[in-house]
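The basis for the numbers below is simple: all heavy atoms, side chains too, and nothing from hydrogens, waters or symmetry mates.
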Amino acid sequence: MRSLIKPISMIIALCCAMTVQADTVSELEQLINKWLKIENQNNKLNTHWLEQKSSMEQTLTLLDAEQQQLSELNQRRKKHQRAYSKTRTACY
């Protein structure tokens, strides 16, 4: 009987070690899959941000050009208004 206890306890220990190792491998696979999903999400967010950045830069360029045109238009309006005021004053 004693001769069977040692081999049986070795088999039990080996099975326990294999179960622990299987759990560890399973947990490791789950962690790797989570990490890969996070990396994928990160890449998608970066791509989306770069697309938005490009679009916003184009919008900013257009708004700057529009502001410049409006400033020039306003300066011409002021100039014409002063000239009209001088002409009007000269007529009276």
Side-chain angles (χ1 to χ4, degrees):
M1 183 87 163
R2 280 190 164 207
S3 62
L4 288 176
I5 292 177
K6 223 176 194 184
I8 290 175
S9 56
M10 293 279 279
I11 291 172
I12 291 172
L14 184 60
C15 288
C16 289
M18 291 173 94
T19 303
V20 169
Q21 186 177 8
D23 287 344
T24 304
V25 169
S26 177
E27 288 176 15
L28 185 59
E29 285 177 349
Q30 288 176 357
L31 288 173
I32 289 171
N33 286 332
K34 284 182 181 179
W35 178 74
L36 290 173
K37 285 179 184 178
I38 291 170
E39 282 295 312
N40 189 26
Q41 288 175 345
N42 190 32
N43 288 336
K44 286 180 182 178
L45 286 171
N46 282 336
T47 300
H48 182 67
W49 179 80
L50 288 173
E51 289 170 356
Q52 280 189 327
K53 180 183 175 192
S54 176
S55 175
M56 288 180 184
E57 286 173 342
Q58 290 174 353
T59 302
L60 184 60
T61 301
L62 291 172
L63 287 172
D64 284 342
E66 184 178 5
Q67 183 181 21
Q68 180 66 31
Q69 288 177 349
L70 289 172
S71 292
E72 291 171 4
L73 182 65
N74 193 30
Q75 287 175 356
R76 282 192 301 244
R77 183 193 57 79
K78 285 180 181 178
K79 183 179 177 182
H80 285 70
Q81 188 176 17
R82 276 181 281 190
Y84 177 74
S85 292
K86 284 182 184 179
T87 305
R88 192 170 165 197
T89 305
C91 288
Y92 292 115

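The CD atom of E27 sits 7.0 Å away from the CD atom of Q30 when rounded to the nearest 0.5 Å. Interatomic distance, CG of L45 versus CG of L50, reported as 11.0 Å (0.5 Å rounding). N33 contributes atom CG, which lies 11.0 Å from atom CD1 of I38 (distance to the nearest 0.5 angstrom). Note that the CD atom of Q81 and the NZ atom of K78 stand 9.0 Å from one another [nearest 0.5 Å].
Within 6.0 Å of CD in E39 there are more than 12 heavy atoms belonging to other residues, nucleotides or ligands.
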Hey, can you pull the donor-acceptor pairs under 3.5 Å for the side chains in residues 53-60, sequence neighbours left out?
{"residue": "T59", "atom": "OG1", "partner": "S55", "partner atom": "O", "Å": "3.0"}

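With sequence neighbours excluded, the residues forming a side-chain hydrogen bond (donor to acceptor under 3.5 Å, both in side chains) with Q52 are H48, listed by chain and number. A search for side-chain hydrogen bond (donor to acceptor under 3.5 Å, both in side chains) contacts involving N74 returns R77, not counting sequence neighbours.
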